[in-house]
Amino acid sequence: MQKMVIVGTCAFDEIESPFGKTGKILGGAGTYIGLAASNFDIDQAIVSIVGSDFPQEYIDILKDKGINMEGLEVVKDGKTFFWKGLYHNDLNSRDTLVTELNTLADFNPIVPEDYKDSEIVVLGNLHPLVQLSVLEQMNTKPKLAILDTMNFWMDSALEDLKKVIARVDVITINDEEARQLSGEYSLVVAAQKISEMGPRFVVIKKGEHGALLFEGSNIFFAPALPLEEVFDPTGAGDTFAGGFAGYLASSGDLSFENMKRAIIHGSNLASFCVEKFGTERMQDLKPDEINQRLLKFKALTQFNIDL
């Protein structure tokens, strides 16, 4: 069983959308990545930080999914990272109403000793220097280091971000961020420019329009599954990353052909995430449901043509 270590937030979210609103609920990039990856046969750990206000119930949810939580630092009398957002009617745009860094402001990740030899490292969306410190703690070079980042770090810490990008094998960003990072409008050219910064693989997420995978001159596109109802897009990108990484860790095959399958697995799990608020859908997901939806992806993308 291959090991995977995730660095990312365990947090509180509060969400408003056309379908209703929540109080404070379980969220965070590390949480969504871990829940998605728990659907594969791997040994994984989350490295994160929370305050003493973070319920034991939430930690138990992750533990019950087989996720090692030794790397979760609980700060006595501290408060957990909190994000509140309002989604517009199309669910593609949102306003951030509240962001409270709290304990995350002083996060110094400590990778558990048993996971310093992990084959797969997933660097969730955090300050680039925090991500870099995780790579420097590894006893051996991971077979695959996956980086997620966002335009905020491109605006505020670009040089540090470039240092991390140079050290990873895969970068996952959305189309807007790919254009900003590369300075190119064409996503094909943007992926080439980003790959020159270090990563072998570039994954460009396009939300409800799927995802693109690039390796050199090789390109693969996976659609997002058309859904009857979308309640909450929060965490869909992190769920995608968790499914992508979890499948690769379980299969041990890092070829471009297998990366294609990993993209489909990531897209498949993300399609479940958006069906309910927060992590609710990912908590009660069953293997049969996952497999049935994979068949829908297969039907959606396969065809025969005579030339």
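Note that the structure is a prediction, hence the values are computed from the model and not measured. Atoms considered below: every heavy atom in the structure, side chains included; atoms not considered: hydrogens, waters and symmetry mates.
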Cys273 vs Arg281, test: side chain to side chain contact (heavy atoms under 4.5 Å, CB included). Steps then yes/no. CA-CA 6 Å; Cys273 177; Arg281 190 69 177 95; 6.0 Å; no
Heavy atoms of other groups near Asn89 CG, more than 12 under 6.0 Å: no
Other residues, nucleotides, ligands: >12 heavy atoms within 6.0 Å of Lys276 NZ: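 Above 12, so yes.
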List the steps, then state whether side chain to side chain contact (heavy atoms under 4.5 Å, CB included) holds for Ser17 with Phe277. CA-CA 10 Å; Ser17 85; Phe277 281 114; 3.7 Å; yes
Is a salt bridge present between [X] and [Y], judged by a nitrogen-to-oxygen distance below 4.0 Å?
X: Glu119; Y: Lys3; value: no
X: Glu70; Y: Lys63; value: no
X: Asp175; Y: Lys206; value: yes
X: Lys116; Y: Glu113; value: yes
X: Arg179; Y: Glu184; value: no
X: Lys205; Y: Asp148; value: yes

[Y] and [X], any side-chain heavy atoms less than 4.5 Å apart:
X: Leu126; Y: Leu104; answer: yes
X: Asp169; Y: Lys141; answer: yes
X: Ile110; Y: Glu73; answer: no
X: Pro223; Y: Thr301; answer: yes

Has Lys24 got its NZ or CZ under 6.0 Å from the middle of the six-membered ring of Phe82, at an angle within 45 degrees of the ring axis?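 Output yes; distance and angle both within limits.
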Using the six-membered ring of Phe272, assess whether NZ or CZ of Arg293 lies under 6.0 Å from its centre and within 45 degrees of the ring axis.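 Ring-cation test returns yes.
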Please say which of Val168, Thr172, Val170 ends up in a side chain to side chain contact (heavy atoms under 4.5 Å, CB included) with Pro199.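 Answer after filtering Val168, Thr172, Val170: Val168.
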Is it the case that the side chain of Thr22 and the backbone of Ile15 share a donor-acceptor pair, with hydrogens and angles ignored and the cut-off at 3.5 Å? yes
Main-chain N/O of Trp83 paired with Thr99 side-chain donor or acceptor, under 3.5 Å: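 Looks like no, no N/O pair under 3.5 Å.
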How close do Met1 and Ile42 get, heavy atom to heavy atom, and via which atoms?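 Scanning both residues, the minimum pair turns out to be SD-C, 3.3 Å.
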To check you understand the geometry: which heavy-atom pair defines the closest contact between Val274 and Pro233, and what is its length?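 That would be CG1-CA, 3.9 Å.
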Between [X] and [Y], does the ring centre distance come in under 6.0 Å?
X: Phe231; Y: Phe19; answer: yes
X: Phe256; Y: Phe220; answer: no
X: Phe107; Y: His127; answer: no

Determine, stepwise, if the pair Trp153 / Asn125 fulfils side chain to side chain donor-acceptor pair (under 3.5 Å). CA-CA 9 Å; Trp153 305 119; Asn125 179 25; 2.8 Å; yes
Side chain to side chain donor-acceptor pair (under 3.5 Å) assessment of Gln180 paired with Asp155: CA-CA 9 Å; Gln180 178 175 341; Asp155 293 333; 2.8 Å; yes
Side-chain donor-acceptor contact under 3.5 Å, Asp53 with Thr80: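 Yes.
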Tyr87 and Asp95: side chain donor to acceptor below 3.5 Å: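 Result is no, nothing qualifies.
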Set out, in order, the CA-CA distance, both residues' side-chain angles and the distance that settles side chain to side chain contact (heavy atoms under 4.5 Å, CB included) for Leu181 and Leu158, then state yes or no. CA-CA 9 Å; Leu181 182 60; Leu158 182 59; 4.1 Å; yes
What do the steps show when you test Gln292 against Asp288 for side chain to side chain donor-acceptor pair (under 3.5 Å), and what is the final call? CA-CA 6 Å; Gln292 286 300 314; Asp288 285 350; over 6 Å; no
Using 30° and 60° as the class limits, which term best fits the ring planes of Phe54 and Tyr58: parallel, tilted or perpendicular?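 Geometry flag for Tyr58 against Phe54: perpendicular rings.
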Apply side chain to side chain donor-acceptor pair (under 3.5 Å) to residues Asn258 and Ser251 and explain how you reach the verdict. CA-CA 9 Å; Asn258 203 48; Ser251 66; 2.8 Å; yes
Full working for side chain to side chain contact (heavy atoms under 4.5 Å, CB included) between Val75 and Val50: CA-CA 6 Å; Val75 179; Val50 295; over 6 Å; no
